[in-house]
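Note sheet for the following structure.
Model, not experiment: these values are computed from the prediction.
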Amino acid sequence: QAILLLFRSLDHQKQYLPKNHPSVALSYQRIAGVHSALGNHDQALHCYKTALKMMEAMLFKDHSFIGHTCYRLAQLYKNNFGMNTEALYF
């Protein structure tokens with residue numbers, strides 16, 4: 001049920017906030033975390049990449065949100081896809 005509430009929140013944010021708003025990106029990041037915990041790694045990957053793309057469009061490149069999202073992506077690759085090379089990229 002948590003993921004349904006997060007998607008509902010995301011829908012409201014998309015309706016009222018600019019396209020690449022950091023709050024929207026953080027919602028994608030939270031959804032990715034739930035997907036990852038549920039074992040839906042492909043969906044988590046998609047949401048983390050979406051969040052990262054939005055953050056890179058709106059925030060400066062050294063912002064902590066971007067660093068945190070890159071860390072989460074690297075952990076997802078390392079732990080669930082066996083791609084240490086991809087993990088090093090992030």
Side-chain angles (χ1 to χ4, degrees):
Q1 183 172 355
I3 199 138
L4 297 175
L5 294 173
L6 286 170
F7 272 115
R8 191 168 158 195
S9 174
L10 177 64
D11 287 340
H12 286 291
Q13 289 174 335
K14 288 169 127 182
Q15 185 176 2
Y16 296 106
L17 297 173
K19 181 181 175 184
N20 289 326
H21 195 277
S23 292
V24 176
L26 286 174
S27 288
Y28 273 107
Q29 188 178 47
R30 289 181 186 112
I31 290 168
V34 173
H35 275 307
S36 184
L38 293 173
N40 303 328
H41 304 301
D42 290 330
Q43 290 95 335
L45 183 64
H46 171 74
C47 289
Y48 278 133
K49 286 185 174 182
T50 301
L52 182 61
K53 185 176 179 181
M54 291 176 140
M55 289 177 189
E56 288 176 336
M58 293 292 286
L59 303 171
F60 55 92
K61 70 177 185 168
D62 293 333
H63 196 282
S64 63
F65 289 172
I66 293 173
H68 183 73
T69 304
C70 288
Y71 173 78
R72 293 289 190 163
L73 266 167
Q75 290 299 308
L76 184 67
Y77 274 118
K78 181 180 172 225
N79 296 333
N80 301 295
F81 294 104
M83 297 179 177
N84 288 328
T85 308
E86 287 287 336
L88 290 174
Y89 172 75
F90 292 103

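Counting heavy atoms from C-beta outward, Leu26 and Gln29 have side chains that approach closer than 4.5 Å. A heavy-atom distance below 4.5 Å is found between the side chains of Leu45 and Tyr77. Annotation: side chain of Lys14 is in contact with side chain of Leu10 (closest heavy-atom distance under 4.5 Å). Contact of the Asp42 side chain with the His46 side chain is not registered, since no non-hydrogen atoms from C-beta on lie closer than 4.5 Å.
One hydrophobic cluster, built from ILVMFWY side chains closer than 4.5 Å, cannot hold both Leu59 and Leu17; they sit in different ones. Hydrophobic clustering keeps Ile31 apart from Tyr71 (ILVMFWY residues linked when any side-chain heavy atoms are closer than 4.5 Å, directly or through intermediates).
In this structure, CZ in Phe60 is found 8.0 Å from CD1 in Ile66, a value given to the nearest 0.5 Å. For the atom pair Thr69 OG1 and His63 NE2, the distance stands at 10.5 Å (nearest 0.5 Å). Between the NE2 atom in His35 and the CG atom in Leu76 there is a gap of 11.5 Å [rounded to 0.5 Å]. The line from SG of Cys70 to OH of Tyr48 is 12.0 Å long, rounded to the nearest 0.5 Å. To the nearest 0.5 Å, atom CD of residue Gln75 and atom OG of residue Ser36 are 10.0 Å apart. Distance check: His21 NE2 to Ser27 OG gives 10.5 Å after rounding to the nearest 0.5 Å.
Taking the six-membered ring for Trp and the full ring otherwise, His68 and Phe65 have centroids separated by 6.0 Å or more.
For Asn20, the side chain to side chain contact (heavy atoms under 4.5 Å, CB included) criterion is met by Met54, Ala57, Met58, not counting sequence neighbours. Not counting sequence neighbours, the partners of Val34 by the side chain to side chain contact (heavy atoms under 4.5 Å, CB included) test are Ile3, Leu6, Leu38.
Side-chain polar atoms of Gln13 and Ser23 form no donor-acceptor pair below 3.5 angstrom.
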Walk me through it: do Leu4 and Arg8 pass the test side-chain contact (heavy atoms from CB on, under 4.5 Å)? CA-CA 6 Å; Leu4 297 175; Arg8 191 168 158 195; over 6 Å; no

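The nearest pair of heavy atoms linking Ala25 to Ala51 is O-CB, 3.3 Å.
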